[in-house]
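Okay, so here's the structure we're looking at.
Each ligand, and each atom within it, is numbered from 1 in the order the structure gives. The model shown is predicted, which means the values in this text are computed figures rather than measured ones.
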Amino acid sequence: MTTDQSAEGYSFEDIQLIASNVLKQTRHKPSIGIICGSGLGGLADIVQDAETVPYSSIPEFPVTTVKGHEGKLVFGYLEGKPVVLMRGRFHYYEGYPMWKVAMPVRVMKAMGISTLIVTNAAGGLNENFKTGDLMILRDHIDLPGLTGECVLIGKNDDRFGPRFPAMVGTYDSELIELAKETAVNLGYSSILREGTYIMIGGPSFETVAESRLLRNWGADAVGMSTVPESVVAKHCGIRVFGISLITDMCSLSYDAANATTHEEVLAIGEKRAGDLQKLICAMIGNMNLNNN
Ligand SMILES: O=P(O)(O)O[C@H]1O[C@H](CO)[C@@H](O)[C@H]1O
């Protein structure tokens with residue numbers, strides 16, 4: 001590697017090298033990348049003609065340390081479309097610099113993906129939501145970014161994307177419409193929501209006062225991931241679709257205060273991930289890959 005990894009991240013050449021090393025380990029050439037959130041990796045089990053590349057076999061790839069995140073790339077087909085799934089993502093609270101958290105997105109771009117589906121488990125802030133709902137990301141609030149930890153900090157290489165990328169429209173409106181139509185066809189209208197996801201650094205869950213603050217800021221759901229990946233994807237011209245499984249409701253009042261646990265997040269993931277998987281598969285089936 002040619003760069004000072006602690007400050008800048010991997011160079012453009014480094015990323016191409018990592019991508020070509022990975023592609024040597026599979027026969028597949030993916031068009032769609034999917035990042036699996038906490039407890040949501042089961043989608044990988046239904047990939048057809050699957051080939052697995054463990055992160056440990058990829059030089060310079062980080063390792064996953066969080067329960068519910070296995071560390072492997074799964075290549076193959078969903079609904080006849082070539083995909084690569086990240087079964088396990090990286091989080092800032094694991095101690096990785098922000099650029100490293102999102103580095104696999106640049107690797108997937110170098111492998112040829114043009115569409116990214118980002119999934120996560122999130123806490124509901126919008127009082128109309130309930131546990132088990134699916135929330136399409138219309139927008140996000142990059143709280144770490146707003147406080148000086150934007151994933152794009154450091155020297156910019158224009159081959160990745162522009163110095164000052166627009167973030168309006170990060171979540172592709174055609175894919176949002178496709179998700180809504182697909183959800184109606186699946187009979188999911190009553191669990192489908194749309195809203196704004198806010199990223200906190202974690203790993204501590206929110207206090208009641210913090211949840212109230214995040215809600216007042218206009219966030220509908222909160223989590224500790226996704227935003228750096230979406231920002232890097234938008235920066236390098238990938239169209240993005242984001243979706244949260246609401247695994248718990250954040251307490252907005254002390255009367256109702258009940259502490260969220262990661263075990264609860266994983267348990268709801270296990271129980272409700274099927275709905276998310278069906279929605280994503282049906283969307284992929286209807287996706288036009290020549291559209292972007
Ligand atoms: O965002 P994903 O990876 O789905 O995980 C969510 O679940 C964990 C907390 O239970 C946090 O890592 C939070 O971000």
Under a 3.5 Å distance rule, please check whether Lys81 uses its side chain to pair with a backbone N or O of Gly285 as donor and acceptor. yes
Pair Thr64, Tyr55: side-chain N/O donor-acceptor within cut-off below 3.5 Å: no
Is there any N or O on Phe205 that sits under 3.5 Å from an N or O of ligand 1? no
Sidechain-backbone polar pair: Tyr10 side chain, Trp99 backbone, donor-acceptor under 3.5 Å: no
Relative to the heavy atoms of Ala121, which atoms of ligand 1 are at a distance of less than 4.0 Å? 1 (O), 4 (O), 6 (C)
Under 3.5 Å: N/O of His91 near N/O of ligand 1: yes
Does either side chain, that of Thr182 or that of Asn185, offer a donor lying less than 3.5 Å from an acceptor on the other one? no
In the protein, what heavy atom is nearest to atom 5 (O) of ligand 1, and what distance, to one decimal place, separates them? Ser38 OG, 2.7 Å
Can you tell me which residue and heavy atom of the protein come closest to atom 1 (O) of ligand 1, and the distance to 0.1 Å? Ser225 OG, 2.5 Å
Short side-chain to backbone donor-acceptor contact, Thr247 and Gly269, under 3.5 Å: no
Enclosure of Glu177 CD (heavy-atom neighbours >12, cutoff 6.0 Å): yes
Using a 4.0 Å cut-off to any heavy atom of Gly37, which atoms of ligand 1 qualify? 4 (O)
Can Thr226 and Asn120 be counted as having a side-chain donor-acceptor contact under 3.5 angstrom? yes
So, does His262 use its side chain to make a donor-acceptor pair with the main chain of Lys67 at under 3.5 Å? yes
Can a non-hydrogen atom of His69 be found less than 4.0 Å from any atom of ligand 1? yes
Say whether Tyr93, considering both its backbone and side-chain N or O atoms, lies within less than 3.5 Å of an N or O atom on ligand 1. yes
Got the closest protein heavy atom to atom 10 (O) of ligand 1, with its distance? His262 ND1, 2.6 Å
Numbered atoms and elements of ligand 1 in range of Asn120, under 4.0 angstrom, heavy atoms: 1 (O), 4 (O)
Taking atom 14 (O) of ligand 1 as the reference point, the nearest protein heavy atom with its distance: Met224 N, 2.9 Å
Would you mind telling me if ligand 1 is within reach of the side chain of Val265, the backbone, both or neither, using heavy atoms under 4.0 Å? side chain
